Amino acid sequence: MTFPNHFVWGAGASSFQIEGGAQEAGRTPSVWDMFCSKPGATWQGHSGAVACEHYQRYRDDVALMRQIGLPAYRLSISWSRVLPDGVGKVNHIGLDFYDRLIDELLAAHIAPWVTLFHWDYPIELYARGGWLSPDSPHWFADYVQTIVEKLSDRVRHWITLNEPQCFIHLGLQTGLHAPGDKLTLPLVLRAAHHTLLAHGQAVQSIRAASKQTCEIGLAPVGLAKIPATETAQDIEAARQAMFQMRDRTTWQTAFWLDPIFLGQYPADALELFGDAMPPIRVGDLETIHQPLDFFGVNHYSSPFVRAGKDGAPEEIPFAPGHPIAANRSFVVPETLYWGPRFYWERYHLPIVITENGLPTLDWIALDGKVHDTQRIDFTRRYLLEYERAARDGAQLKGYFHWSVMDNFEVTEGYRDRFGLIHVDFPTQRRTLKDSAHWYRRVIETNGASLHENPFHVY
Ligand code: IFM
């Protein structure tokens with residue numbers, strides 16, 4: 001068995017995607033509430049206003065997590081539920097929701113891993129400039145302090161930001177995600193620099209306010225590259241491709257992660273962005289480069305790369321018929337081998353897969369069950385590759401399946417289902433999918449059951 005003894009198995013979700021209760025007890029809108037009301041922004045105009053009604057049903061949901069045998073659950077906090085103005089006065093009813101949720105989880109022996117920001121930026125702060133404002137890192141650090149003061153007697157694991165590539169590149173550059181802006185490159189880079197500072201200042205806030213020794217990381221988009229063959233040349237080409245700057249966007253790896261983990265922007269990013277980069281003040285990189293405890297990363301799909309002319313990386317197209325998911329992304333299990341391996345090599349921190357999972361279009365069968373065999377097969381294949389990364393020397397610390405339950409899948413609305421738990425949205429009825437039962441056994445055996453054939457039916 002190669003998963004380490006204290007390996008953390010879990011599943012995750014985020015506030016806006018499951019909570020609903022958009023107008024409950026003092027919560028103010030986030031940029032995602034605003035974005036969902038724009039015609040054409042989400043599939044069939046779906047919004048997160050009701051989602052899974054987790055705000056009302058959290059006790060039942062924790063009971064289901066317990067049935068799955070989850071040792072850990074990754075949740076996120078809705079900033080504007082706790083601070084309706086984004087800063088200043090605390091909405092105690094909002095904060096109490098998380099207090100009760102944490103107690104419920106602990107009573108069920110489930111360790112909470114808390115993400116402090118998963119995209120639902122308070123609209124009040126957006127109106128004041130959002131991530132473009134030089135005050136934005138302080139706003140975030142102050143909010144984080146409020147949360148940590150309240151919950152850190154019980155919470156030991158913190159994740160500062162979820163996928164900055166999405167809320168900056170997709171949110172501010174392409175306009176495909178909330179708030180839906182299309183800013184010029186210098187403005188996008190300014191917002192990105194403030195985001196990095198916000199991460200660093202948040203880490204300082206957590207360490208200063210935490211009532212116990214804690215562990216901190218973040219959860220960027222994992223942008224792995226897979227060597228087309230396992231020859232030294234293709235491996236080197238994939239390694240290069242994974243960390244080099246590809247274009248003048250913030251959909252990158254090293255641009256975000258080198259400042260955080262190595263204390264500097266990569267030279268090729270500085271060269272490519274040139275004058276578009278914001279001024280970097282003395283001390284900024286020290287603030288951003290705070291010691292972290294694990295390398296969290298959200299991994300789904302990756303392209304294959306080979307060594308082309310002079311060894312330069314060359315992306316190769318997928319063969320016709322290569323397996324795809326409901327959202328048309330390619331299924332590439334090797335992502336969980338090469339991603340962790342290359343990240344471990346470059347940043348030397350124990351790896352936690354903070355998200356990985358498959359969107360499907362599954363439904364309840366006539367026998368009342370949800371037979372999501374593709375999710376089982378997908379997860380099994382990915383986890384076997386992850387195990388191989390451990391065998392080959394990467395230090396692995398955990399795996400969080402995305403998602404614990406079907407939810408508001410952002411621009412795809414309620415069409416794509418990622419959950420281990422099926423949610424019938426009109427009735428809010430929950431059903432454990434076959435994958436939930438299968439995952440329970442994976443957890444119980446610390447991964448040993450991955451080597452058993454899960455399909456005995458035919
Ligand atoms: O649902 C999202 C999540 O919010 C961020 N990472 C990717 C997931 C699946 O698309």
Side-chain angles (χ1 to χ4, degrees), residues 10-20 30-33 35-36 41-43 46-48 51-52 54 73-79 113-121 159-171 174 176-180 195 217-224 250-251 253 256-257 295-302 324-332 335-336 339 352-362 372 374-375 378-379 382 398-423 425 435:
S14 85
S15 45
F16 190 67
Q17 292 178 272
I18 65 167
E19 283 179 6
S30 73
V31 292
W32 267 97
D33 296 83
F35 186 69
C36 290
T42 63
W43 193 69
H46 290 175
S47 91
C52 308
H54 177 70
Y73 169 54
R74 175 179 174 227
L75 63 119
S76 84
I77 306 245
S78 155
W79 185 341
W113 284 51
V114 174
T115 303
L116 292 151
F117 179 66
H118 193 126
W119 305 354
D120 40 0
Y121 198 79
I159 290 166
T160 55
L161 303 172
N162 187 71
E163 297 177 338
Q165 291 99 328
C166 289
F167 64 85
I168 298 297
H169 175 66
L170 301 179
T174 68
L176 290 172
H177 275 193
T195 303
L218 81 158
V221 176
L223 296 167
T250 51
W251 191 258
T253 290
W256 289 101
L257 301 183
F295 184 89
V297 60
N298 299 347
H299 265 312
Y300 291 90
S301 183
S302 326
I324 54 169
N327 64 2
R328 301 294 182 263
S329 64
F330 289 101
V331 174
V332 183
T335 301
L336 278 204
V352 177
I353 299 299
T354 34
E355 287 183 21
N356 167 246
L358 177 74
T360 54
L361 304 175
D362 39 35
D372 57 339
Q374 287 192 330
R375 177 165 293 99
F378 171 100
T379 311
Y382 274 64
Y399 173 87
F400 286 80
H401 191 79
W402 187 269
S403 167
V404 71
M405 65 179 91
D406 294 340
N407 59 49
F408 173 69
E409 174 46 20
V410 293
T411 51
E412 312 310 337
Y414 298 97
R415 188 194 68 189
D416 294 355
R417 295 174 176 273
F418 271 90
L420 295 167
I421 302 169
H422 180 273
V423 178
F425 293 102
S435 57

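Worth knowing before you read on, the calculation uses all heavy atoms, side chains too, and leaves out hydrogens, waters and symmetry mates. Remember, it's 1-based here, ligands and their atoms both numbered in the order they're listed. No experiment lies behind these values; they were computed from the predicted model shown.
- The ring of F167 has its center closer than 6.0 angstrom to the ring center of F117.
- Within ligand 1, the atoms closer than 4.0 Å to a non-hydrogen atom of E409 are 1 (O), 2 (C), 9 (C), 10 (O), numbered from 1 in the order shown.
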Yes or no on side chain to side chain donor-acceptor pair (under 3.5 Å) for E412 and N327, after CA distance, side-chain angles and deciding distance?
CA-CA 8 Å; E412 312 310 337; N327 64 2; over 6 Å; no
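- Screening L75, I77, N162, L161 against H118 for a side chain to side chain contact (heavy atoms under 4.5 Å, CB included) leaves a single residue, N162.
- Where the criterion is an N or O separation shorter than 3.5 Å, residue side chain and backbone included, W402 meets it with respect to ligand 1.
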Using the rule given for side chain to side chain donor-acceptor pair (under 3.5 Å), can you reason through T335 versus S302, listing the C-alpha separation, both sets of side-chain angles and the distance that settles it, and then say yes or no?
CA-CA 6 Å; T335 301; S302 326; 2.8 Å; yes
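- When the options E163, E355, E412 are ranked by their closest heavy atom to atom 8 (C) of ligand 1, first place goes to E355.
- Applying the 4.0 Å criterion to heavy atoms of W119 picks out, from ligand 1, the atoms 4 (O), 5 (C).
- Less than 4.0 angstrom separates some heavy atom of H118 from each of these atoms of ligand 1: 3 (C), 4 (O), 5 (C).
- Considering backbone and side-chain atoms alike, Q17 places an N or O below 3.5 Å from some N or O of ligand 1.
- Of the possible polar contacts, one joining the D372 side chain to the S435 backbone as a donor-acceptor pair under 3.5 Å is found.
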